[in-house]
Each structure stands twice: as C-alpha cells, then as structure tokens.
Number of protein chains: 2
Amino acid sequence: MDLKALETLRAVRTQGGVSAAAAVLHLTPSAVSQQLSGLTRDAGVPLTERIGRGLRLTAAGEALADAAVDVAVALERARAACAVFLDRPEGTVTLSAFQSGAKLLLPGLIGRVRALGGIDLECSDEDVAQDEFPGLTDRVDVVVAHRPEGGAGWPGEGSRLTVVPLLREPLDLAVAADHPLADRDAVRPADLVGEEWIAVRQGFPVAAVLDAVAAASGSPPRITQRINDFSVVEALVAAGHGVSLLPRHTGGTHPGVRLLPVRGVRAGRRVEALLRPDVAERVVVRRVLDELVAEAGRFGSPE
Amino acid sequence: MDLKALETLRAVRTQGGVSAAAAVLHLTPSAVSQQLSGLTRDAGVPLTERIGRGLRLTAAGEALADAAVDVAVALERARAACAVFLDRPEGTVTLSAFQSGAKLLLPGLIGRVRALGGIDLECSDEDVAQDEFPGLTDRVDVVVAHRPEGGAGWPGEGSRLTVVPLLREPLDLAVAADHPLADRDAVRPADLVGEEWIAVRQGFPVAAVLDAVAAASGSPPRITQRINDFSVVEALVAAGHGVSLLPRHTGGTHPGVRLLPVRGVRAGRRVEALLRPDVAERVVVRRVLDELVAEAGRFGSPE
DNA sequence: CATGTCGTTGTAGCGTTCCTTCATGGACCT
DNA sequence: AGGTCCATGAAGGAACGCTACAACGACATG
C-alpha cells in the first residue's frame, strides 16, 4: 500500500476526478489511473465506481481516503519531529487568498514572515466560488477563504480540512458621499427600501448577507449590477449607481464612498485559513499561520 | 521521506544495529545503511551516531522513530479501513510463544482460529531472555511473553509496543511426591529454609521470584542446578534433587511432583501478548488476539 | 604490536517500479 | 451521427532500490 497512491486517492476525492487530481499532483491522468488500480488491488475491494463519464469513490474508497489523511498527518508529524532539532525552520510556504483578503492581509504578513527569516513565502491571489476553496488546498499550502456568517461551514472541516479562524469582518452599507444617508452614523434595514443594489455574483458570501438585509427590509432588493471586484463596486457606488455591502476593512478606501454600520441585522463574513491537515503539521506552515493570525488580529477578533 | 526508510529506522532501533535490522527486514546491511543515509538527508539532521563499531540513534533519530510508529499505525488503520468491506477477514498471522506458554495455550488457540476459518495461523515456540521479547515483534506478529510479577514492564510499552494481558500465573512450590512437605495444602517461606533449589537461568522471570522467596525465608538459597526446561525441572524434582518453583498451569503434569501454593509471598508471573502497535491494527491479528485472550481466560484472569 | 573478526559504509551493476506517450472505448452534448 | 471529455490500457524509458563486492575503523587476541 503506497503512500503516493493514498495521496492520489485523496486528491481524486477532493478534485472529483482522475484528470483534475492528475493536474494538482503534476501527473498524467494515466498515472493516476494506474495508481488507483494498484491501490484497488491492494485493498481487495473496489475503491471507485464509474458514474457517467467520471467516477466516484465507493464507501470503501471514502473510508480509505479518510484513513489516508491520517497517514499523511502522521508522516508530516514525523517530518516535524526532526525539524525540531533544526536550529531554524526553513522551507517555502505557498499561500493563496481571495482578492480583498489578500489586499488586507498580505502586505503585513509578508513583512512579518520576512522578519522571521529563512522562510520563503510565495503568495498568490485567487478568487473562486465558495465551494472551490477547499479544493485549492491541494495546490496551495494555506488558503485564505471567506464564507458568510452563519453559513454551513466547510465540507470535511476537522477531519479532512483544518480551519483556522482569522477574523470576523462586518459588512457595512456603502453609499456615495452625496447620498442622503451618507451623514448618518448607522442605518437600519428599513432605511434601505427602494434602493438600487450592486450585488456580487451568486455563490459569493456577500450575496447571502445581502439576501438577509433585503428580507429584513421587507421588500425584494432591486439588483441592477453584479460585480465581483470590490474596487469596481466602490467606483459604481461613488458614481451614484446604487448602494452595496462592503466588508469594513477591505473596502472603503475610495474617497467618494461612505461605509455605514447596519444595525438590526448581523451582517458579516468570516475570514479563515484553510489547510490540509497534513500540511498544517509542517513547522514552517505553523509559523506562517501564527503570523497570519497575528496580522489578522489587527483588524478584529475572529468572533 | 519514504515509508520503508522509516520502518527501517524503527527496526534499527529495536534491533540495535544495521546488521540485525537487515536480518529482520530480509535485506542486506548495505541496503539498510543506504536507507538510513537517505532518510538522514531528508531529515536534515543526523539520525544515528557511531558508537564503537556499532551505532546508536540520536535524539532526533529517536523522535523520528517514535513518529515512524505512528505512521505505521496510521497505514495499518488504512488497510483495516477497507478490510471492513471484505466479507471475511483473511490472511496469515505469525505467532511465537515461550515454551511453556506454547504448551498451555497453543493447542486450544489453533483449534479456535481454525474454527473461525480463513485465517492462517503460523505458530512457533521461541524461548529467549527477558529483554529480547520485544525485539521478536519485528519477526513475528504476536509474541506471547512472560515477565515476573511486579517487574518493570516492557520498554516502550504503550507507544512503541502494544501489550495485551493474558493471564496471571501463580508460581507454586514443586516438591517430590515423597518430600516431607508434599502433603501440606500450602507452604510459607519459612518452611523452605535449607532446601536445595533448582532455579532457571538468570534473566528468566522465575529467577526473580525465587529471589523474593529466598529473601522472605531469611537465608540465601542454595541453588544447585540451573535448568531452563520445565519438564527437565520436574524430572529432577521428582527424583528428589531439590525443590523448585513452577507456574501453576504449565508445570505439574509429572506424576512424581506436587505443586503447593506459597503463602506470604506474592509469587507469580504475568503472561502477555506483545505486538508492534501497527501490527495490532490488522483485523486478522485482532481476531487471533481475541481468541488468544479467550483461551487464556480458561486458566485464570489477567489480574 | 600485528592479525583476525565484526560491523558499517561506499561503489558498480542489475532488476523492478513508476511515469509518460500514444491509442482505445464509453458517455454526454449538439 | 459527429465531436468532446474522461478514464483506461499497452509500450518505452527513466529513476529508484537492492545485491554483490570492496574498503575502512574498532575491538579482541596472540
């Protein structure tokens, strides 16, 4: 029973197919298929079953993939066990963050990690749909993700996925500086009836919160634009094309935009770091995580 | 960081050297040495250090070997995870027992396991010194061992070695049928002053218990013979060459020998099954262990 | 002090394993 | 029915690990 094969099975599950798994493992689909067949021979029971033109893990495959996570964790603990005897933690850590999170956290984080010395931190910004965040952990060590407050949590959280809370970011109402509400200290949902909304693409956390605000205001929101990039949203709000919801810390730099707390609705998103449990055992990764948590602490607590 | 290399490091520790480890792994010393050097390169810190013409694990090596046990356990759990989906547990289990333990337990155990079906149980009897029992677990799945009551326990018990109590066997005084004490129901240490003793080779559990009886009787015992095999001991006792201590259940079959409980001294030995923690995860091994415990239960409880 | 032995470590050669390339076949979409 | 996507099989090549052999240091013995 090979280590690589177990790792491959895990990747096939999270990526949902042989080809996708091959991509994140830097292999050809054929190699993945061969490893799977070898592993199936070892196990003695079918681990995958064809479903349409793709495949799916059987119950035995799921069980083995779960166990594979524990194996990977144990192996990474072994690496960490002798890394303790190294005078200084070295190595490279890859990190990916959604766009606005990157803007908020990366400048400080990179400086902190550089100050530690010896750790290469390779960052990238990657904005994907909500349910694709966990899959990124196969390509990147640390994934900074966001989800709407009160949402369902991540699939496999705990056993298959390690989640580290970073901060809770309230969603504020963004209005143009010359908007009638602009001078208020705060607004309530009832104040927002009849506004034109600039929302974000479905599947992104802000959208769910927007729905809550709309329900509280008693009327369906008129959504005129669907924009992903917060800076574009700001430009539209400043130009008077509607109001929007922006995270308190990552938006609001535009001079023509005012951010107002929304009372009566708990509107916010959670920013969290996602890691594969085995990766979370690496000493260098832990160091980077510590700095990431500290940096996030500057902008609010996780609760 | 290779699985085999970690397994090799573990074997080098328990066996105490490259050559001995190579023997139990069915490899040449050269292969073991190469795996060690490769592992050291991966770890970044020296794992072994020369000591005389042999070698010893460094602190980092010990830590890594400990972690290697956890890796092996996790991997074996993975195997077990899909073995659950097999309709029937199959495979072969190797078992080794000390001579008298084998005599007591194997006849019943083999029958029990055969009744289960599907499991090949390969038994052997192997009588070694006290401190060599744990090392046998590298060659055999289940090692039935004994140790004097109140002794120090096994090195690495718990983390590096799984111990399953089988039974506690009191040590009785063995005297010839025509001995003055032969008709007593029990004896006390004071009754034994001046007797000639037939003891066993140092390092065997019975010897330690004999010392306790001698101390309680207030005078050093006269040890005239040192015999390992219990049946030889019985023959000598029956012939009137002295008294001895025999386990209650494994000795005493000789018609010319009487076994008498010794009061005032807690004299006994513990019979236990020793396994590598990873081997203990195998489903077939667990089944055999269950039967072994049940069979041992016929002769007394572990306490 | 020389010699033999034991145990570990390096080197060359070989076999095995694993991956890539290419080709095949089934399933979904238009 | 044709095109596309995905998984799987067979053949070739590269990389890895093991064995055989030799060398070296350490201990024991004469």
Side-chain angles (χ1 to χ4, degrees), chain A residues 1-43 45-58 60-62 64-65 68 71-72 75 132 135 138-139, chain B residues 1-58 60-62 64-65 68 71-72 75 132 135 138:
Chain A
M1 194 158 286
D2 189 19
L3 265 182
K4 287 185 203 163
L6 288 174
E7 193 66 14
T8 299
L9 180 69
R10 225 191 34 66
V12 168
R13 169 168 69 176
T14 60
Q15 298 298 318
V18 171
S19 299
V24 300
L25 295 172
H26 306 291
L27 291 175
T28 59
S30 181
V32 172
S33 180
Q34 289 173 35
Q35 287 191 353
L36 248 54
S37 68
L39 197 60
T40 305
R41 182 169 37 78
D42 279 356
V45 289
L47 302 174
T48 58
E49 55 189 359
R50 302 285 312 233
I51 179 81
R53 58 185 162 184
L55 52 75
R56 189 180 53 184
L57 269 64
T58 63
E62 289 283 341
L64 188 56
V71 174
L75 192 75
E132 292 178 35
D138 282 336
R139 294 200 313 225
Chain B
M1 194 160 284
D2 189 20
L3 265 182
K4 286 184 204 161
L6 287 174
E7 193 67 14
T8 299
L9 180 69
R10 225 191 37 63
V12 168
R13 170 167 68 176
T14 60
Q15 298 298 318
V18 171
S19 299
V24 300
L25 295 172
H26 305 292
L27 290 175
T28 58
S30 181
V32 171
S33 180
Q34 288 173 42
Q35 288 191 352
L36 248 53
S37 67
L39 197 60
T40 305
R41 183 170 35 78
D42 279 357
V45 289
L47 301 174
T48 58
E49 54 190 0
R50 301 288 311 237
I51 180 81
R53 55 186 165 184
L55 52 74
R56 189 180 53 186
L57 268 64
T58 63
E62 288 284 342
L64 188 56
V71 174
L75 191 76
E132 289 178 38
D138 281 336

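The sequence lines fix the lettering, A, B, ..., with proteins before strands; numbering per chain opens at 1.
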Quick check: does any side chain N or O of B/Thr58 sit under 3.5 Å from a backbone N or O of B/Leu47, one acting as donor and the other as acceptor?
-> yes

Atom-pair distance (CZ on A/Arg41; C1' on D/dT8), nearest Å | 15 Å

Could you check how far CG of B/Leu47 sits from P of C/dT9, rounded to whole Å?
-> 12 Å

Which value, rounded to the nearest 0.5 Å, describes the distance between A/Leu57 atom CG and A/Leu9 atom CG?
-> 5.0 Å

Residues A/Lys4 and A/Glu7 bridged, charged N to O under 4.0 Å | no

Could you state the atom-to-atom distance from CG of B/Leu39 to P of C/dT9 in whole Å?
-> 13 Å

Nearest-Å distance, CG (B/Leu55) to P (D/dA26)?
-> 14 Å

Just call it for B/Gly38: base, sugar-phosphate, or nothing, with non-hydrogen atoms closer than 4.0 Å on any strand.
-> nothing

Can you list every side chain to side chain donor-acceptor pair (under 3.5 Å) pair that touches residues 15-26 of chain A, not counting sequence neighbours?
-> A/Gln15-A/Asp138

Specify the separation, in whole Å, of atom CD of B/Gln15 and atom P of C/dT8.
-> 12 Å

Quick one: B/Leu57 CG to C/dT8 P, roughly how many Å, whole number?
-> 12 Å

Just by protein heavy atoms under 4.0 Å, how would nucleotides 13-27 of chain C read 5' to 3' in B, S and -?
-> ------BBB-----S

Compare side-chain N and O positions of A/Ser19 against OP1 and OP2 of D/dA7 and report whether any pair is under 4.0 Å apart.
-> yes

Output for pair (A/Leu55 CG, A/Thr48 OG1), nearest 0.5 Å, gives 5.0 Å

Interatomic distance, OG1@A/Thr8 vs CD@A/Gln34, rounded to 0.5 Å, equals 11.5 Å

